[in-house]
Amino acid sequence: MAHDQHEVDPGAYDFASIQAKWLPVWEESKPFAAGRPGDTKPRKYILDMFPYPSGDLHMGHAEAFGYGDTVARYWRHQGFDVLHPIGWDSFGLPAENAAIKRGVDPRAWTYENIDQQKRSFRQYAPSFDWSRELHTSDPEYYRWNQWLFLKLYEKGIAYRKAGQVNWCPNDQTVLANEQVVDGHCERCGAVVTKKALTQWYFRVTDYADRLLDDLNQLEGAWPSKVISMQRNWIGRSAGADVEFEIEGREERIPVFTTRPDTLFGATFMVVAPDSELAAELAAGASDEVKARFEGYLESVRTESDIDRLATDRPKTGVFLDRHAINPVNGERLPIWAADYVLADYGHGAIMAVPAHDQRDLDFARAFDLPVRVVVDTNQPVTGVIPVIPLDENGVPYLPDDLPPLNPGDTGVALTGEGRLINSGPLDGLSKSNAIRRVVDLLEHRGLGRAAKNYRLRDWLISRQRYWGTPIPIIHCTDCGEVPVPDSELPVRLPDAAGLDLKPKGSSPLGAAEDWVNVACPKCGGAARRDSDTMDTFVDSSWYYLRYLNPTDEGVAFDPAEAEKWAPVDQYVGGVEHAILHLLYSRFITKVLFDEGYLSFTEPFTSLLNQGMVLMDGSKMSKSKGNLVEFASELQAHGTDALRVTLAFAGPPEDDIDWADVSPTGAAKFLARAWRIAGEVTSSPDVEWKTGDAALRRITHRLLADAPGLVEAFKFNVVVARLMELVNATRKAIDSGAGAGDAAVREAAEVTAMILDLFAPYTAEDMWERLGYQPTVALVPWRKADPALLVEESVTAIVQVNGKVRDRIEVSPKISGEELEALARASAAVVRTIGDSEIVNVIVRAPRLVNIAIKG
RNA sequence: GCUCCCGUAGCCCAAUCGGCAGAGGCAGGCGACUUAAACUCGCCGCAGUCUGGGUUCGAAUCCCAGCGGGAGCACCA
């Protein structure tokens, strides 16, 4: 029997035809364009982290963009002019790798991917303002990356230096510290090695204090996890720089310590083997020492970061046969080179206090170096832990069974509080007082000062790859580094055709002879362009500002527009950028603030991290065969069911296991809601007040509660409440007031309006079935009627000793006295109390009475 | 090893301030509609909140300890 393929029951919910019906309508009317001239509404800027165009959207995108869109749609209903833009983070290695593998042009590959991905995106119907779409790989965009670079160069924030850098042998390029995760390349997973290279950096360490301190303003508005990760990453520690004389050396060596109070306990000094200082000290020693040092250095160089990061590995090192002088007591301290001291932290040298530092103690025990206790951790210090033990009369005493003070034997360093001993003028002081005293002492003698140190390193931004923003610097043999004049921006990427993009450790751009050879802008002589490209995290560090005027050819962004829209009110994206992108973006925002371009110092006022979409408890991947394809889910269930499924699965920041959710359940709910809109028989001008009060109460409670729920990101609860409303409406139609009741129409309209946050197609179609014109997305939020939020009566609970003994229906306005009287009169209560004595009665009118009795 | 988060029904999840443990869904059971099935509609909830202590008139909620799970950090002087 031949079926007409379009044979669809007109009374049945068919997501495909609803999508096909409304998408062109919205594309035509563009209801989501922001900043229309003359719009006086208050503004909100809702931003999703822009995607890398990898070919197609996946479930992770579906989740994140769904949440972002819910928030954007919500604020539109609340009467805001909402800026909700989208663009493409379209520079980066995948395009280049595809180019190498398949001989395609990286540009063509990228823009084809964008086209494909965009088609899925449109089906998914986020309420984007597509007119502001941007691509970081367009010269119109990266021109401003170059502008930003030159600004930073001008201010001394961008600079070039030589050093040991992270090198990804797979991608054949350097990496920033943030892009090395557990010794592996953040992007491709290869084991990262070290390489000595001259590279471009941004001086993010100059902003370390502000990046750390300003996290306080994000407290409560960003996930606490992200805040603590950033705090850890910046890793500020306070202490002192102490200068040590070195025998046979003119200049003193500074060391950083967080425990200057233990200075009298220093028994040796350690320098990082890969530091210049170590090489210099070894050079001044005997040939035998020199040889031993060279051998050690070699072994240190060959070990990977992975090995080096392993904890509990035995301490290694060599004695350099040189000595330092302790500035406070004149003692000679042997100097060792050991790899547990890092060249690029502090000054690459430490004073070792084995009694009070576990690492120093491990080293001292391995090489039989002296251990001297200078803090008696058995002596309690007032006001700090350990608390002074008190005897039964409240008199402080010292217990007899104190732990021994011999870390050299126990192997456990004494890191706690205590009183200073063996420390001359510091004896008897507490830790904090000793720190203050010794810093004073050192400052007075010019041998040290209070100091801070950071784990954060400067941001290495140059990359030896093709598909990125060219660094706008020209290297001239006579003039050195010369910035490309603004009038010559953008420095465009040369055509990839004819270039060998295969990674070979230097940028492919260097081989583009026509491109790389230029006249020096200063002297006109022969010069070469810098052939590295920028880290793509530079692109994304300020893109949120480019959306404000994406086609402006005169400025990167318009400060007046920034004043109107920025900072971003709500940012949505993955927690994988907890440090990377979010730290860089915060940094660049502060730089732009300092330069007077912005009036705020934090780019993202509020942050929502979505969880991951899993399958059967683990991350989805092709190799595991547990991939849930976005495209096929979209095909099978439609946009709305997919979005409702994701919103309803649980709190947005939690992971979603696709095995636990039910897109068909979501589709059923949508169909149920949609059918109701078709059953309503009253006309739009019906008088609400005449409607069924019970249903109206449910409707208005939702109107009242939903804003708080959405603003707290409890999307799953909002969906549950919508289900509740739909169930109640169904009941009213079938076995209550009937389809013609005003409350049924009201409930259906409110359902459509709120459903728009999660299921825009269904909501729009319902809206039309209810007799209105598009678009439901722009319908103002209905005000909840306060009269309907008050219950006619409430159930008061009567407890005896916390156990529920009776329930009484009372007026919500009942007084405490009346309620107590009613409770005491309750038969069940009287029975329970019997002869017992009433000790206490707690009354919380109108909800609860608790009678406490004896026995 | 250190820090943070989380443990509620077979499963996913709710429970504004410490005040009736259940809003919602999945799965399941029963029923109506149907020749039958699907769809649809209706009905069905004794889990006392991981364990043990504590605070309180009252604890899923606050505190302490433990168990289990997840995340972050881990030679940073």
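Lettering of chains follows the sequences in order, A, B, ..., and the numbering in each one begins at 1. Any value given below was found using the heavy atoms of this structure, including those in side chains, with hydrogens, waters and symmetry copies removed.
The distance between atom CZ of A/Arg721 and atom C1' of B/C13, rounded to the nearest whole Å, is 15 Å. Rounded to whole Å, atom C1' of B/A77 lies 15 Å from atom CD1 of A/Ile253. One can place OH of A/Tyr340 at 9 Å from C1' of B/C75, the figure rounded to the nearest angstrom. Going from atom CZ of A/Phe244 over to atom P of B/A77 covers 16 Å, rounded to whole Å. A/Asp734 places its CG atom 14 Å from the P atom of B/U40, with the value rounded to the nearest Å. Atom-to-atom, CD1 of A/Ile656 to P of B/G70 comes out at 19 Å; the value is rounded to the nearest Å. When the P atom of B/C73 is taken as reference, atom CD1 of A/Ile227 falls 16 Å away, rounded to whole Å. If you measure from atom CD of A/Glu576 to atom P of B/A71, you get 14 Å, rounded to the nearest angstrom.
Under 4.0 angstrom from either OP1 or OP2 of B/C43 there lies at least one side-chain N or O belonging to A/Lys731. The shortest distance between the side-chain N/O atoms of A/Lys714 and the OP1/OP2 oxygens of B/A15 is below 4.0 Å. Between B/A74 and A/Asn232, no contact under 4.0 Å exists linking OP1 or OP2 to a side-chain N or O. Remark: A/Ser735 is not in phosphate contact with B/G42, judged by side-chain N or O atoms under 4.0 Å from OP1 or OP2. Contact between the side-chain N/O atoms of A/Arg672 and the OP1/OP2 oxygens of B/G42 is found at a separation under 4.0 Å. Using a 4.0 Å cut-off, no side-chain N or O of A/Arg805 falls inside it from OP1 or OP2 of B/C20.
Side-chain atoms of A/Glu178 and A/Trp233 form a donor-acceptor pair, as typed in the model, at a separation below 3.5 Å. Side chain to side chain, A/Asn727 and A/Arg672 meet the donor-acceptor criterion of an N or O pair below 3.5 Å.
Remark: B/G58 base-pairs with no nucleotide in the shown strands. Criterion, Watson-Crick or G-U wobble with two distances under 3.5 Å. Across all strands shown, the partner of B/A32 is B/U40, judged by Watson-Crick or G-U wobble contacts whose two distances both fall under 3.5 Å. Searching all strands for a Watson-Crick or G-U wobble partner of B/U16 with both distances below 3.5 Å returns nothing. Across all strands shown, B/A47 has no partner, as no Watson-Crick or G-U wobble contact with both distances under 3.5 Å is found. Searching all strands for a Watson-Crick or G-U wobble partner of B/G1 with both distances below 3.5 Å returns B/C73. B/A27: no Watson-Crick or G-U partner with both key distances under 3.5 Å is found in any strand.
Separation of the A/Phe268 and A/Phe367 ring centroids does not fall under the 6.0 Å cut-off. Between A/Phe713 and A/Tyr67, the ring centre distance reaches or exceeds 6.0 Å.
Spacing between B/C73 and B/U61 at atom P, rounded to whole Å, works out to 31 Å. As rounded to the nearest Å, B/A23 and B/C6 have P atoms that lie 25 Å from one another. The separation of B/G22 from B/A47, taken at their P atoms, amounts to 12 Å, rounded to a whole angstrom. B/G7 and B/A60: their C1' atoms are spaced 11 Å apart (whole Å). B/C26 and B/G45 have their C1' atoms separated by 15 Å, with the value rounded to a whole Å. Here the separation of B/G28 from B/A21, taken at their C1' atoms, is 22 Å to the nearest Å. Comparing the same atom, C1', in B/U8 and in B/C50 gives a spacing of 10 Å after rounding to whole Å. Rounded to whole Å, the C1' atom of B/G19 lies 12 Å from the corresponding atom of B/U56.
Other residues, nucleotides and ligands contribute only 12 or fewer heavy atoms inside 6.0 Å of the CD atom of A/Glu276.
An anti base is found at B/G7: its glycosidic angle is more than 90° from 0. Regarding the sugar-base torsion, B/C17 falls in the syn class, its angle being within 90° of 0.
At the heavy-atom level, A/Asp344 lies nowhere under 4.0 Å from the strands shown. Looking at heavy-atom distances under 4.0 Å, A/Ser228 makes no contact with the nucleic acid at all. Here A/Arg457 lies in heavy-atom contact (under 4.0 Å) with a base.
The side chain of A/Asp654 lies closest to B/C13 when the candidates are B/A71, B/C26, B/C13. Residue A/Glu724 places its side chain closer to B/G24 than to any other of B/G24, B/C26, B/C75. The side chain of A/Thr795 sits closest to B/C20 out of B/C57, B/C20, B/C75. For A/Met229, taking side-chain heavy atoms from C-beta onward, the closest of the listed nucleotides B/G72, B/G24, B/U40 is B/G72. For A/Arg455, taking side-chain heavy atoms from C-beta onward, the closest of the listed nucleotides B/C75, B/C73, B/G24 is B/C73. Closest to the side chain of A/Arg730, from the set B/C13, B/C75, B/C41, is B/C41. When each of B/A23, B/C57, B/A77 is scored by its nearest atom to the side-chain atoms of A/Ala852, the top-ranked nucleotide is B/C57. With distances taken from any side-chain atom of A/Pro651 to the nucleotides B/C41, B/A14, B/A77, the minimum falls on B/A14. Proximity note for A/Asp339 (side chain, C-beta onward) versus B/C57, B/A71, B/C75: the nearest is B/C75. With B/A14, B/G25, B/A77 as the candidates, the nucleotide lying closest to the side chain of A/Met723 is B/G25.
Each of A/Asn840 and A/Val719 has a nearest nucleotide on RNA chain B; the 5'-most of these lies closest to A/Val719. Toward the 5′ end of RNA chain B lies the nearest nucleotide of A/Asp705, the other residue of the pair A/Arg847 and A/Asp705 mapping further downstream.
Look at A/Arg457 and A/Asp344 and you find a salt bridge, because one of the NZ, NE, NH1 or NH2 atoms lies within 4.0 Å of a carboxylate O, short of that distance.
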- Query: After noting the C-alpha distance and the side-chain angles of A/Asp209 and A/Arg236, does the key distance pass the salt bridge (charged side-chain N to carboxylate O under 4.0 Å, His left out) rule?
  - Reply: CA-CA 8 Å; A/Asp209 277 327; A/Arg236 178 166 69 195; 2.4 Å; yes
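Among all heavy-atom pairs drawn from A/Gln230 and A/Ala578, the shortest one is NE2-O, 2.8 Å.
For the pair A/Lys315 and A/Tyr340, the cation-pi criterion (under 6.0 Å, within 45° of the ring axis) is fulfilled.
A/Asn850 contributes a side-chain N or O that forms a donor-acceptor pair with the base of B/C57 under 3.5 Å.
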